[in-house]
Amino acid sequence: MPSTKPRRFTFLLLDRFTMLPFTAAIEPLRLANRSANCNLFSWRLVGPGGESATCSNGTRILLDGGLDSESPVEHGDVVIVCGGTDISKEAHKPVLNWLRRQSRGGAMMGAVCTGAWILAEAGLLDGRKATIHWENHDGFAEAFSEIDLYRSVFVHDGNRLTAAGGTSSIDLMLHLIAETHGDALAAEVADQMLHTTIRTDQDRQRLSIPTRIGVRHPRLATVIARMEANLEEPISPAQLASDAGMSTRQLERLFRRYLNRSPKRYYMETRLARARNLLMQTEMSIIEVALASGFSSPSHFSKCYRAQYGGTPYRERGTGAAASAGR
């Protein structure tokens with residue numbers, strides 16, 4: 001393979017970043033160099049403070065430098081923000097300004113896991129397509145309505161890259177390797193990683209509904225999909241049953257048999273799970289969260305929430321940090 005100047009990646013490791021998306025991003029680069037027998041890629045690790053960064057699992061990673069000691073960014077460099085838990089706490093002015101400088105310098109800006117939240121805070125995803133971990137999707141959509149949010153494993157929109165978290169970083173990096181050095185090298189790297197299926201930007205993050213619930217029943221999956229798509233304005237069990245071509249009693253028996261709960265109970269639990277994510281990930285008011293989760297009455301929302309989680313939404317808001325989820 002002809003010699004080429006290594007393409008440089010800068011990984012910004014924020015406090016409590018998630019290790020898996022980070023390692024899943026850096027390892028394909030190492031393996032690409034190994035397979036090509038030359039340095040196609042180089043990388044460095046930076047972060048606030050410049051000495052070390054601590055993962056959400058407690059592991060400490062030594063850094064190559066801080067935000068005030070980086071070498072000049074060149075056109076074609078790639079900056080990847082690695083986020084994790086309590087991500088909104090990491091939106092410090094020095095971090096946001098550093099990212100804006102990298103963008104102005106011509107770097108391709110990217111993020112893995114919840115790092116997209118920081119790019120959004122810096123205004124670097126305005127009017128762009130992006131993705132974020134499914135657990136943070138609703139909160140992100142509420143906080144940054146100007147961003148075209150997708151549920152795919154990764155999104156490549158011009159000079160912006162976002163990967164949802166977990167092993168999706170592998171697929172994003174294989175995409176970049178294939179784009180610059182060919183599909184054969186990307187396939188070789190995937191083979192080395194025992195990554196048997198290379199996903200594209202058309203693949204969705206979550207397991208299929210039958211896989212998630214452990215039941216392969218087409219009509220049950222169809223009803224659940226409709227529930228998940230209509231959390232803000234719930235559909236009545238009678239309408240769900242009618243649309244699925246069955247009676248309300250048949251729908252009731254279907255849920256009882258396979259999920260050991262009524263359709264109404266399952267729908268309620270799904271809406272409350274969304275409400276909890278919004279409480280933990282956004283600064284939305286309690287009434288806004290209630291309305292976004294299909295509750296017209298704050299008191300009814302609070303009562304249902306307490307029954308499900310053992311505490312009120314107000315207490316949850318007091319103990320949780322915005323955008324606290326992340327994988």
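Computation of the quantities below employed the complete heavy-atom set of this structure, encompassing side-chain atoms and omitting hydrogens, waters and symmetry-equivalent molecules.
Side-chain atoms of F144 and D126, non-hydrogen and from C-beta on, never get closer than 4.5 Å to each other. When side chains are defined from C-beta on, E179 counts as touching H156, because their heavy atoms get closer than 4.5 Å. Inter-residue side-chain proximity for T270 and M227 is flagged as unmet; no heavy-atom pair is nearer than 4.5 Å. Between M108 and R7 the shortest side-chain heavy-atom distance falls below 4.5 Å. In this structure the side chain of L220 reaches within 4.5 angstrom of the side chain of I213, judged on heavy atoms. Residues C82 and L12 have side chains not in contact (no heavy-atom distance under 4.5 Å, counting atoms from C-beta outward). Using a 4.5 Å heavy-atom threshold, the side chains of F17 and I61 count as touching. The closest side-chain heavy-atom distance from F9 to L176 is below 4.5 Å.
Residue E288 qualifies as enclosed at atom CD: its count of foreign heavy atoms under 6.0 Å is above 12. Remark: E233 CD is loosely packed, at most 12 non-hydrogen atoms of other residues, nucleotides or ligands lying under 6.0 Å away. Heavy-atom contacts from other residues, nucleotides or ligands closer than 6.0 Å to CZ of R204 number 12 or fewer.
In plain terms, the two heavy atoms of A238 and T248 that are nearest each other are CA-OG1, 3.6 Å. Of all non-hydrogen atoms in L125 and A116, the two that sit nearest each other are CD1-O, 3.6 Å. The shortest heavy-atom contact between L185 and S35 is CD1-CB, 3.7 Å. Shortest non-hydrogen contact noted between T23 and L20 is OG1-O, 3.1 Å. Across every non-hydrogen atom of A163 and L172, the tightest pair is CB-CD2, 3.9 Å.
In this structure, Q205 contributes its side chain and I132 its backbone to a donor-acceptor pair below 3.5 Å. Between the S169 side chain and the P21 main chain, a donor and an acceptor come within less than 3.5 Å of each other. A side-chain donor-acceptor contact under 3.5 Å links D157 to the backbone of K129. Here the side chain of T162 pairs no donor or acceptor atom with the backbone of A111 at under 3.5 angstrom. With Q239 contributing its side chain and S236 its backbone, the two residues share no donor-acceptor pair below 3.5 Å. Using a distance-only test at 3.5 Å, with no hydrogens or angles considered, no donor-acceptor pair links the side chain of S145 to the main chain of E142. At least one donor-acceptor pair under 3.5 Å links the side chain of N33 to the backbone N or O of L40. Using modelled atom types, no side-chain atom of T54 and backbone atom of D15 make a donor-acceptor pair closer than 3.5 Å. A donor-acceptor pair under 3.5 Å links the side-chain atoms of R219 to the main chain of G245, judged by distance alone. Between the side chain of H133 and the backbone N or O of E135 there is at least one donor-acceptor pair closer than 3.5 Å.
Using a cut-off of 4.0 Å between Lys/Arg side-chain N and Asp/Glu carboxylate O, R44 and D64 are scored as not salt-bridged. Taking 4.0 Å as the cut-off between side-chain N and carboxylate O, E269 and R261 count as a salt-bridged pair. Salt bridge annotation for D201-R151: absent, with no cationic side-chain nitrogen under 4.0 angstrom from a carboxylate oxygen. A salt bridge links R274 with D138: at least one charged nitrogen is closer than 4.0 Å to a carboxylate oxygen. Between E188 and R34, none of the side-chain N atoms (NZ, or NE/NH1/NH2) sits under 4.0 Å from a carboxylate O, so this pair counts as no salt bridge.
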>> As a quick check of understanding, evaluate ring-ring contact (aromatic ring centres under 6.0 Å, His included) for F255 and H217, giving each step before the final call.
In response: CA-CA 11 Å; F255 271 77; H217 192 292; 9.8 Å; no

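S152 and R199 share no donor-acceptor pair across their side chains, judged by distance under 3.5 Å alone. Using modelled atom types, one finds no donor on one side chain facing an acceptor on the other under 3.5 Å when comparing E121 with S88. Inspection of the S103 and R160 side chains reveals an N or O donor paired with an N or O acceptor under 3.5 Å. For the residue pair H195 / D171, a side-chain donor-acceptor distance below 3.5 Å is found, with atom types taken as modelled. No donor-acceptor contact under 3.5 angstrom links the side chains of R16 and S56, judged on distance only. Side-chain contact check for R128 and N159: at least one donor-acceptor pair (N or O, by modelled atom type) lies under 3.5 Å.
Residue V155 belongs to a hydrophobic cluster whose other members are Y150, with links defined by side-chain heavy atoms closer than 4.5 Å.
Listed by chain and number, the residues in a side chain to side chain contact (heavy atoms under 4.5 Å, CB included) with S262 are E252, R256, K264, R265 (sequence neighbours excluded).
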